[in-house]
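Structure first, then comments.
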2 protein chains.
Amino acid sequence: MKILLVEDDVFIGESIKDYFELQGNRVDYYSSPIKALEEIYPNNYDIFLIDINMPGMNGYEFYKELKNYASDVPVIFITAYSDIDHVEQAFDLGAADYIKKPFDLKELELRVKRLVFKKTNEVKITENYRFDLNKLKLFYKDEEVELTQNEKYFLEILVKNIGQVVDSETLKDYVWDGKDICSNTIRTHVKKLRNKLKENFIKNVRGSGYKIEKQQ
Amino acid sequence: MKILLVEDDVFIGESIKDYFELQGNRVDYYSSPIKALEEIYPNNYDIFLIDINMPGMNGYEFYKELKNYASDVPVIFITAYSDIDHVEQAFDLGAADYIKKPFDLKELELRVKRLVFKKTNEVKITENYRFDLNKLKLFYKDEEVELTQNEKYFLEILVKNIGQVVDSETLKDYVWDGKDICSNTIRTHVKKLRNKLKENFIKNVRGSGYKIEKQQ
DNA sequence: CACTTTTTTAACATTATTTTAAGATTTCAA
DNA sequence: TTGAAATCTTAAAATAATGTTAAAAAAGTG
């Protein structure tokens, strides 16, 4: 799971980051929303944790920006306020949840898990293929398909967005962590991956990116 | 909005019913899940509000039944428990949300509204065709029509100005980013697009440009 | 270090899309 | 009715995106 955390109180921020990283998650922590906007690809996250009261740009405005690029990523607003108006504003913006300070980290974990692991962690790709989003493992009829690290990340982001196109900027950022790679690298990886598959469920959408078709 | 409410505590049940009915909604309230199962048609509701701890049949079991007939209706579980096992069980079942007792009715309202009035950015073009302005996808009766990049942009600008003529300067500027293209290019694209459609909703307005007629 | 595996690059092949050109058809007004 | 302008249609050329292959570079392993 990859988390974007934006919280101006560095003590709270670091605590949350440590807590989730200890459980094997990836946490990108920013204490300033402005800085975050400059550096991130919103689509790469499973969830946003955003403080509402921050200097420079408040959490609502910040989320409005993110939403343009990642309308499907759930957000939990962290707030020191408790009045219903703030809750309402949050929900109007499409918030998935909100949590009031001070809170127990365990409670935050519950709320995060509730949103992120909405569905089962195994996603059915085709009749025979399924992908385990926790263990990043691909199975063909109960038999594991051996994947390299990059292939795992590649499938992870595709499976997370199953039915939707994942563009190459998102792929670069997610699989290669923003590193500058040659234009061919993605294509070569797709080729290698396809070679390992008995059915080619990795579809290219010309001019946009790659996707896995959603089953019905 | 039509709500199914199943809650064994009659005081809470009636309060919720009154609250939502005051706002012009219809609420079918049952204090017993067994009774509810005998009388209702699950598919008639926009949302289910289900208490978890009920005598006779708990909320999870009750929802499992409903789900067979109405898998798309979102459910909010009402619970007095706060431990993770219950939350997990709820979400394994596909719960859209849960809310802990005691809660503010306004908060429940916000959570309900968020689920029921999810905003979409889909524009109806004809009886069978609709266009998603977020994802730039065209659908014919729930089936996506494959479009090339330029075709997507072309439809986007037409749909955004539905009912109005879009002149060729605007088209050039929007689809081709101002690039100098031969006078025939637009026509060829229109032709290709029309070939993909079962109904021709792209009308030419001689001397002006193209438009999509507004539905009523 | 020597070996294997994985990742990246480069060069070229293939395919899909976009654009152009040129003839056919439609439309509208004189 | 007729001619010019606009639009439609078709095919083919030009361009751009993706696919393929092999080999070099980098990373991991004992």
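Quick caveat, the model's predicted, so the values are computed rather than measured. Here is the naming used below: chain letters follow the sequence lines, and residue numbers restart at 1 for every chain. No hydrogens, no waters, no symmetry mates; every other heavy atom, side chains included, goes into these values.
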Subject >> Nearest to side-chain heavy atoms of B/T188, which nucleotide of C/dT19, C/dT8, D/dT7 >> reply: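 For B/T188, the side-chain atoms sit closest to C/dT19.
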[X] [atom1] to [N] [atom2], straight-line distance once rounded to whole Å:
X      : N      : atom1 : atom2 : value
A/N200 : D/dT18 : CG    : P     : 15 Å
B/K192 : C/dT18 : NZ    : P     : 9 Å
B/R187 : D/dA6  : CZ    : P     : 9 Å
B/K203 : D/dT7  : NZ    : P     : 16 Å
B/H189 : C/dT20 : NE2   : P     : 10 Å
A/W176 : C/dT9  : CH2   : P     : 10 Å
A/N195 : D/dT21 : CG    : P     : 8 Å
A/L193 : D/dT21 : CG    : P     : 16 Å

If you look at every strand shown and take non-hydrogen atoms under 4.0 Å, does [X] touch a base, only sugar-phosphate, or nothing?
X      : result
A/K179 : sugar-phosphate
A/T185 : base
A/V175 : nothing

Original post:
Is it the case that B/T170 and B/D173 place a side-chain donor and acceptor less than 3.5 Å from each other?
Top reply: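 No pair is found: no donor N or O on one side chain lies under 3.5 Å from an acceptor on the other.
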**OP:** Answer with yes or no whether the side chains of B/E199 and B/Y140 bring together a donor and an acceptor at under 3.5 Å.
**Re:**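 Short answer, no.
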For [N], does either OP1 or OP2 sit under 4.0 Å from a side-chain N or O belonging to [X]?
X      : N      : value
B/Y210 : D/dC8  : yes
B/K191 : D/dC8  : no
B/N184 : C/dA21 : no
A/R194 : D/dG19 : yes

Original post:
Is the Lys NZ or Arg CZ of B/R194 less than 6.0 Å from the centre of B/Y210's six-membered ring, within 45° of the axis?
Top reply: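 Not flagged: B/R194 not positioned over aromatic ring of B/Y210.
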Original post:
Got more than 12 heavy atoms from elsewhere within 6.0 Å of NZ, A/K198?
Top reply: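 Counting neighbours around NZ of A/K198, 12 or fewer heavy atoms of other residues, nucleotides or ligands fall under 6.0 Å, so no.
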Subject >> Point-to-point distance, once rounded to the nearest 0.5 Å, from NZ of B/K196 to OG1 of B/T148 >> reply: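 Separation between the atoms: 5.0 Å.
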Original post:
So which of residues 149-157 of chain A are in contact with DNA chain C, with a heavy-atom cut-off of under 4.0 Å?
Top reply: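 Only A/Q149, A/N150 qualify.
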Subject >> Any N/O donor-acceptor pair, A/R206 side-chain to C/dT15 base, under 3.5 Å >> reply: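 Indeed there is one.
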**OP:** Can you spot which of A/D51, A/V10, A/V6, A/I12 makes a side chain to side chain contact (heavy atoms under 4.5 Å, CB included) with A/S31?
**Re:**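 It is A/V10, the one option of A/D51, A/V10, A/V6, A/I12 that forms the side chain to side chain contact (heavy atoms under 4.5 Å, CB included) with A/S31.
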Original post:
Residues two or more places apart in sequence or in another chain: which of them pass ring-ring contact (aromatic ring centres under 6.0 Å, His included) with A/F77?
Top reply: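 Result, ring-ring contact (aromatic ring centres under 6.0 Å, His included) vs A/F77: A/Y60, A/Y63.
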